[in-house]
**Q** 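I'd like to ask some things about the structure below.
Order of appearance sets the numbers: ligands from 1, and atoms from 1 within every ligand.
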Amino acid sequence: MDKSAVKQSIFMRTLRREPTERPPVWLLRQAGRYQPEYRAIRQKVSFLELCKNPQLASQVTVMAVEQLDVDAGIIFADILLPIDAMGVGLRFAQGDGPVIDNPVRAPGDVDRLPLFDAGDELSYVLEAIKLFKGARPDCPLIGFAGAPFTLASYLIEGGSSRNFERTKLFMHNERAAFQKLMAYLARLTVAYLQAQEAAGADCLMLFDSWVGSLCREDYEEFVQPHSKYIFDNLKERAPTIHFGTNTGGIIDLMAAAGGDVIGLDWRVDLFSTWQSEALRDRCVQGNLDPTLLFAERALLEARAQKLLDRCRGKAGYIFNLGHGILPGTPVDNVKFLVEMVRNSALSGAAQL
Ligand code: CP3
């Protein structure tokens, strides 16, 4: 494995907060349905079959990196795969998103969740990481997992949710069982992320996508200790990214839980949030609104340029969207955006 090329890559240098000539760029959901090649593969295999086929999962990961010329890959998988390994009946229903047939609705359901070895039950993800590293030893690869709160929300709701009523009801009325569920998910996540690093992942990302639905008190009491447990157990290892959406009200508490990089969505002003006391010593990643990729070029370019200009000269900025690329996004606009960031070293004042 070409470890030194990865170590010296613009992505890994930025994670160490070394000065670079431009920010590195990769995009959330850079592999997905906006790509005709991805849709062609999905004509033949279901989403779960694709995730569980290391050859195909690695191929889809490489394809996104090479088509877009981004500075890092993210292994093609899903945060819900550990939930599949729990045997609670995860399905991806056409048009409905994920469905869990046997959700967690009572304290007894928490006690029935199985203990398992991520290295065994999710070995297909580890195999895909190894295949990616074999094909692209020079390219940094991000491994990832869902954070305890976001995973708990799927387990309790039985699928996606808008207001998380069931999750919050369980959290407020079954406090001990909820804490137990969160601790179970945190332990499992540490083992899973450590296994991904051992398989070759260069950076580990924790997706707490729906944690922005919580007030500060609930985040502090029910979530922060568990996310902190994960980051504490990953210290001295690969650098970490901590991401959530709608997190403007709790971003300081999230940063206190951990993460070398804090991922921000488009609802906050990235630069001023970065300058706040809580984030000043971290890297930040984000945060262009993904719907701007549908807009006219001039506007897309102006908004991306504004982000680049604000962060120019400051080490530790990773260019990304604020959330994943949406299905139907014009591929040419995605390529245009990446190229613009890559060329940003040539425009304006040099970063160094
Ligand atoms: O390049 C990449 O980012 C691909 C890898 C990736 C996927 N999911 C593939 C995927 C990653 C990093 C994820 C993370 C994920 N999965 C999150 C956290 C990030 C976020 O978006 O907030 C969440 C919440 C999920 C759960 C999930 N997976 C949902 C709710 C859905 C259905 C809704 C949807 O977008 O279709 C999925 C399915 C999914 N995961 C798809 C892909 C490419 C689409 C499946 C298909 O091909 O039909």
**Q** Give me the residue, atom name and distance of the protein heavy atom closest to atom 18 (C) of ligand 1.
**A**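 In this structure, atom 18 (C) of ligand 1 has Ser209 OG, 3.2 Å as its nearest protein heavy atom.
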**Q** Taking 4.0 angstrom as the limit, do Asp138 and Arg136 come out as a salt bridge?
**A** yes
**Q** Taking the six-membered ring for Trp, are Phe47 and Phe76 parallel (under 30°), tilted (30 to 60°) or perpendicular (over 60°)?
**A** perpendicular
**Q** Fit a plane to each ring of Phe164 and Phe149, take the angle between them on a 0 to 90° scale, and name the class: parallel (under 30°), tilted (30 to 60°) or perpendicular (over 60°).
**A** tilted
**Q** What atoms of ligand 1 come closer than 4.0 angstrom to any heavy atom of Tyr154?
**A** 24 (C), 26 (C), 30 (C)
**Q** How far is atom 46 (C) of ligand 1 from its nearest protein heavy atom, and which residue and atom is that?
**A**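 Atom 46 (C) of ligand 1 sits closest to the protein heavy atom Arg42 NE, 3.3 Å.
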**Q** Any idea which atoms of ligand 1 are less than 4.0 Å away from a heavy-atom of His323?
**A** 20 (C), 21 (O), 22 (O)
**Q** Which residue and non-hydrogen atom of the protein lie closest to atom 25 (C) of ligand 1, and at what distance in Å?
**A**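 Of the protein heavy atoms, Ile79 CG1, 3.5 Å lies nearest.
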**Q** Enumerate the atoms of ligand 1 whose separation from the nearest heavy atom of Ile74 is less than 4.0 angstrom.
**A**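 Counting from 1, the qualifying ligand atoms are 1 (O), 2 (C), 3 (O), 12 (C).
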**Q** Between Asp289 and Arg303, is there a side-chain N and carboxylate O pair less than 4.0 Å apart?
**A** no
**Q** Looking at Arg342 and Asp71, is any side-chain nitrogen of the basic one under 4.0 Å from a carboxylate oxygen of the acidic one?
**A** yes
**Q** What do we get for Ala77 next to ligand 1 when only non-hydrogen atoms under 4.0 Å count, side chain, backbone, both or neither?
**A**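 For Ala77, the contact with ligand 1 is made by the backbone alone.
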**Q** Does the ring centre of His323 sit less than 6.0 Å away from the ring centre of Phe207?
**A** no
**Q** To the nearest 0.1 Å, how far is atom 15 (C) of ligand 1 from its closest protein heavy atom, and which atom is that?
**A** Arg29 NH2, 3.5 Å
**Q** With respect to atom 32 (C) of ligand 1, which of Cys51, Gly146, Pro98 exhibits the smallest heavy-atom separation?
**A**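 Ranked by closest heavy atom to atom 32 (C) of ligand 1, first place is Pro98.
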**Q** Could you tell me the residue and atom name of the protein heavy atom closest to atom 8 (N) of ligand 1, and the distance to it rounded to 0.1 Å?
**A** Asp78 OD1, 3.1 Å
**Q** Would you say Arg33 and Arg42 make side-chain contact, with heavy atoms under 4.5 Å?
**A**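 Of all side-chain heavy-atom pairs linking Arg42 with Arg33, none is under 4.5 Å.
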**Q** Tell me: protein heavy atom nearest atom 36 (O) of ligand 1, and distance?
**A** Arg33 NH2, 2.6 Å
**Q** Polar contacts were defined as any N/O atom of the residue lying under 3.5 Å from an N/O atom of the ligand; does this apply to Ala31 and ligand 1?
**A**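 For ligand 1, there is an N or O atom that lies under 3.5 Å from one belonging to Ala31.
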**Q** Could you tell me whether Asp232 and Lys228 have a side-chain N and a carboxylate O separated by less than 4.0 Å?
**A**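 Salt bridge present between Asp232 and Lys228.
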**Q** Which option out of Tyr38, Phe47, Trp26, Phe207 puts a heavy atom nearest to atom 47 (O) of ligand 1?
**A** Tyr38
**Q** Hey, looking at atom 37 (C) of ligand 1, which of Phe144, Trp210, Phe92 has the closest heavy atom?
**A**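 Nearest heavy atom to atom 37 (C) of ligand 1 lies in Phe92.
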**Q** Give a yes-or-no answer on whether the side chains of Gln305 and Asp309 include a donor-acceptor pair shorter than 3.5 Å.
**A**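 Yes, a side-chain donor-acceptor pair sits under 3.5 Å.
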